[in-house]
Structure formats: structure tokens, C-alpha cells
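So the structure is just underneath, and the comments pick up after that.
Remember, it's a predicted structure, so these values are computed and weren't measured experimentally.
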Amino acid sequence: MKIVTLAGLMLLAIALPAEAAITVQAWGGVDAKGVDLFTLTNARGMEARITNYGAVITSIRVPGRDGKPANVVQGFDRLEDYTSPDYHGRYGAIIGRFANRIKDNTYQINRVTYRVTRDAYILKQANNKPYDERVWTAQTKDGDEPQLILSLLDRSGTMGFPGTVRVQVTYTLTRNNVLRIGYRAISDKPTIISLTNHAYFNMAGDASGPVLDQLLTVNADAITAVDEKNVPTGEIRPVAGTAFDFRKATPIGAHINDPDPAIQRAKGFDQNYAINGAPGTLRLAARLEDPKSGRVLEEWTTQVGLQVYSANYSPPTVAAAKGYAVHSSVALEAQGFPNAPNVPTFPSTFLAQGEAYSETTEYRFLVKP
């Protein structure tokens with residue numbers, strides 16, 4: 001077994017030999033389109049499984065202090081679980097065209113008012129669904145750092161958004177146990193866009209129980225304050241002296257029942273943080289550690305915001321059947337600020353015609369000795 005030390009942490013390779021590769025297996029179909037499951041592995045033995053349905057990460061297996069790998073994201077073994085009637089979790093999926101909330105589902109571009117409509121989405125029309133319910137076109141690239149390149153054509157008018165947008169999401173598994181997500185998009189008309197991944201993490205193992213004792217650090221001095229519907233108002237509020245202060249490693253459960261109205265309404269954390277540092281530069285957003293196993297996730301991103309969601313509600317039936325429960329995971333969603341189209345002082349989520357949208361998020365997996 002090879003151990004590499006890095007800044008007080010160690011990168012641990014499992015004992016069995018491994019080769020970097022990407023493989024594919026047929027996984028079923030949706031809307032008369034084939035769905036596949038891709039497995040990316042690196043030479044250290046890390047494994048990520050991703051499907052072209054919803055661009056979903058179904059599992060990420062990384063070793064702990066004892067060298068034994070465990071799946072650290074919640075997900076499912078069958079396509080049917082993601083398409084079941086009661087499924088509403090968006091586990092591991094790419095969210096778009098606009099992640100998170102927009103006040104009253106309306107916004108303006110060049111004095112034209114647009115409304116995000118969910119009517120057709122509710123009817124499950126194949127050409128009018130959010131990104132997490134569509135089949136993406138897939139390409140693979142083998143090598144020491146295998147890649148899965150997923151593409152989507154999001155036509156103008158879909159769910160009320162203007163502009164036909166060509167979207168590309170590239171998953172890269174590096175030799176250093178990093179799963180990198182590259183987001184690229186271009187529109188033929190002015191529009192808005194904010195993409196994220198909705199992975200639910202539990203560093204002790206996906207079905208190991210509550211994450212309340214796991215240590216969370218968020219590199220943010222402020223949050224976007226919210227109204228009674230949890231929509232940002234435009235106020236940037238310092239976290240110092242509040243239950244939202246995770247600037248130092250803190251158990252997720254330490255303040256999860258705080259009397260703060262936003263926490264009480266959400267039944268836990270469901271809050272956007274303004275990440276420190278210059279937007280567009282790759283920088284630390286969050287760190288999640290399971291002290292028992294030693295598994296550590298560092299999330300680095302070029303995005304401006306990070307939505308921290310502590311899985312506050314009862315999961316769908318398919319998730320409960322796997323042992324998932326309230327507070328059994330945490331989502332750390334790097335994204336644009338929610339409601340940014342309606343708040344001129346927020347970093348813009350506007351995308352001009354022909355302009356390239358480009359963001360990167362990395363999940364870096366380490367082991368603490």
C-alpha cells in the first residue's frame with residue numbers, strides 16, 4: 001500500500017492494483033433514448049459512477065484511514081429508482097437551466113419579463129424538462145485521467161427560459177483523487193444560467209446514518225439573507241456570531257436546531273454562502289470530514305456561491321429503502337447566487353448572446369491520518 005503525505009493529510013491508495021479507465025454498460029432507456037452507466041477509475045483505486053440520465057453521479061468510492069473504500073454520495077443502483085413516480089430528490093444530478101430559487105419565478109432581460117413555468121414539467125413532456133430529467137449525449141475519453149463529456153441542447157422557451165443553449169458538462173477523474181466538473185454553455189439569445197451538481201455527501205458511507213457529527217468548514221464570511229420563502233432578499237449578512245458560521249470546522253449538528261427563523265423554517269440548513277475570494281478563480285469553498293473514517297472532502301470552485309443543504313426532509317421511498325433519512329447527508333452546491341436575476345447588486349447570472357459560460361468545481365478526496 002502506497003501512502004503519500006500532503007499538507008498534514010495523506011492520500012491513501014487501496015492495496016489492490018488498479019488501472020485508470022472508463023467503462024460503460026447499458027442501463028435502460030427514457031423517452032425512447034438509451035441510458036448508460038459509466039464507471040471512471042484511477043490508478044489509486046478511486047471510482048466514480050455517472051449516468052447520462054440527468055448527468056447524475058450515482059456513486060463515488062474512496063478509501064478511508066483503513067484503506068477500505070466506501071461510497072460517499074447517496075445514489076441508486078437502478079435507473080428505475082431515478083424515474084420512479086415518487087422520486088424527487090435530484091440525488092447527484094446536474095441542475096439547470098437555473099439552479100435554486102428565483103423570486104415569484106419571474107425576472108427581466110432587457111425590460112422583457114420572463115416567467116419560469118413548471119406546467120409542462122409537471123406533465124413530464126420530454127422536450128420541456130429540467131436537466132436532471134433528460135438524457136444527455138455522452139462521449140468518453142480514456143487515459144490516466146478518464147473523462148466523461150455530456151452534452152445537452154436546451155431549446156429556447158424550455159420551462160420559460162429564452163435562448164437555445166448548448167450545454168456541456170465534463171467529468172474528469174484525476175490521478176490525485178479529484179473528481180472535476182467542468183461546466184460550459186453558450187446561448188443564441190440573452191438568457192440567464194446557473195448550473196450546479198446536487199450530490200448528497202456522507203463521508204462515513206452513503207447509508208451510515210446522520211452526518212451531524214461530521215465536521216464542516218465553509219470558506220465564507222457572509223450569507224445571502226432570505227425572506228419567509230427562503231429567497232435571497234439582496235442583503236449580504238455576516239456569519240460572525242450566528243449559527244451559520246462554519247469558518248472553523250464545526251459539527252453539522254451543532255446549531256442545526258438554532259432558533260434562527262431561516263433554520264426553523266427549513267428544519268435545518270438550506271443556505272447560500274458568499275464564498276470568499278475572487279469569483280472565477282478556483283478556491284476552497286468547503287471541507288467535510290468524517291473523524292471516524294478519516295475521509296475528507298475538499299470542494300474547490302470558481303463559482304460565487306455555495307448552497308449548504310442538510311437533507312432536512314423525509315426522503316422518497318426509494319431512498320428510504322436504502323437507509324437514507326433526514327440529516328443523513330449534506331449537499332454542498334457550488335452555484336450562482338439564488339435570485340440573482342432580480343438583485344442587481346448580486347454577481348450576475350446573465351449570459352449574453354454568444355458569450356461563453358464557464359465554471360469549474362472540484363471534489364478533492366483526502367484521508368486524515
Side-chain angles (χ1 to χ4, degrees), residues 54 88-109 112-122 128-133 154 158-163 165 167 183 185 191-200 218 220 222-237 239 242-244 260-275 279 285-286 301 303-313 329-351 357 359 361:
H88 51 79
R90 295 179 169 80
Y91 290 80
I94 295 297
I95 308 300
R97 180 180 304 189
F98 194 91
N100 220 313
R101 299 167 178 88
I102 298 174
K103 186 176 178 61
D104 298 326
N105 288 329
T106 61
Y107 61 95
Q108 288 190 343
I109 298 177
V112 177
T113 298
Y114 294 91
R115 180 174 179 81
V116 181
T117 175
R118 301 186 69 82
D119 293 342
Y121 159 62
I122 293 171
N128 202 38
K129 292 181 180 180
Y131 294 2
D132 56 291
E133 293 189 5
D154 186 18
T158 300
M159 295 186 70
F161 292 103
V165 178
V167 182
Y183 303 92
T191 190
I192 60 172
I193 191 167
S194 176
L195 305 181
T196 192
N197 184 280
H198 205 298
Y200 286 92
V218 179
I223 58 172
T224 52
V226 295
D227 63 17
E228 67 281 354
K229 294 184 179 180
N230 210 30
V231 177
T233 61
E235 177 190 356
I236 302 295
R237 183 177 297 172
V239 298
T242 76
F244 299 103
D260 184 282
I263 293 176
Q264 289 297 307
R265 282 194 303 268
K267 301 182 180 180
F269 293 104
D270 190 5
Q271 181 61 55
N272 177 64
Y273 285 77
I275 303 170
T301 189
Q303 300 262 27
V304 298
L306 182 79
Q307 189 81 15
V308 175
Y309 175 60
S310 54
N312 303 328
Y313 296 94
S329 61
V330 61
L332 304 169
E333 301 165 78
Q335 58 183 10
F337 284 0
N339 201 34
N342 293 314
V343 182
T345 55
F346 279 179
S348 178
T349 52
F350 174 78
L351 185 66
Y357 171 88
E359 300 285 356
T361 295

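The side-chain heavy atoms of I94 and T196, taken from C-beta on, include no pair separated by under 4.5 Å. Looking at heavy atoms from C-beta onward, Y357 lies out of side-chain contact with V165 at the 4.5 angstrom threshold. At least one side-chain heavy atom of I263 sits under 4.5 Å from a side-chain heavy atom of F269. Side-chain contact between T224 and F346: present, with at least one pair of heavy atoms (C-beta onward) separated by less than 4.5 Å. Annotation: side chain of R97 is in contact with side chain of D154 (closest heavy-atom distance under 4.5 Å). When side chains are defined from C-beta on, V116 does not count as touching F98, because their heavy atoms never get closer than 4.5 Å.
Between R101 and D270 there is a salt bridge, since a side-chain N of the basic residue sits under 4.0 Å from a carboxylate O of the acidic one.
Here the CG atom belonging to N342 is positioned 8.5 Å from the CD atom belonging to Q108, to the nearest 0.5 angstrom. In this structure, the separation between NZ on K229 and NZ on K103 is 7.0 Å, given to the nearest 0.5 Å. Atom OG1 of T349 and atom OH of Y107 lie 9.0 Å apart (nearest 0.5 Å). To the nearest 0.5 Å, atoms CZ (R265) and CD (E228) are separated by 7.0 Å. For the atom pair Y273 OH and I223 CD1, the distance stands at 6.5 Å (nearest 0.5 Å). Note that the CG atom of N272 and the CG atom of N100 stand 7.0 Å from one another [nearest 0.5 Å].
When all heavy atoms of S194 and G336 are compared, the pair lying nearest together is OG-N, 3.0 Å. Residue K129 comes nearest to M159 through the heavy atom pair C-SD, 3.8 Å, listed as atom of the first residue, atom of the second, then distance. Taking both residues in full, the closest heavy atoms of A185 and L351 are given as O-CD2, 4.5 Å, listed atom of the first, atom of the second, then distance. Listed here is the closest heavy atom pair of N312 and A266: ND2-O, 3.0 Å. Shown here for G96 and L195, the closest heavy-atom pair between the two residues is CA-CD2, 3.8 Å. Closest approach of L332 and A286 over heavy atoms only: CD1-CB, 4.3 Å.
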Problem set entry | Trace of the side-chain contact (heavy atoms from CB on, under 4.5 Å) decision for I236 with F337 | CA-CA 11 Å; I236 302 295; F337 284 0; 4.2 Å; yes
For this session: Under the side-chain contact (heavy atoms from CB on, under 4.5 Å) rule, what do F244 and D260 come out as? Steps first, then yes or no, please.
Result: CA-CA 9 Å; F244 299 103; D260 184 282; 3.7 Å; yes
Exercise. Yes or no on side-chain contact (heavy atoms from CB on, under 4.5 Å) for T233 and V226, after CA distance, side-chain angles and deciding distance?
Worked result: CA-CA 5 Å; T233 61; V226 295; 5.6 Å; no
For this session: Kindly indicate, with the supporting measurements, whether the criterion side-chain contact (heavy atoms from CB on, under 4.5 Å) is fulfilled by N197 and Y183.
Result: CA-CA 10 Å; N197 184 280; Y183 303 92; 3.7 Å; yes
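Taking the six-membered ring where the residue is Trp, Y309 and Y313 present parallel rings, their angle staying beneath 30° rather than reaching 60°.
Side chains of R237 and T242: a donor-acceptor N/O pair is absent below 3.5 angstrom, by distance only.
Between the side chain of N339 and the backbone N or O of P232 there is at least one donor-acceptor pair closer than 3.5 Å.
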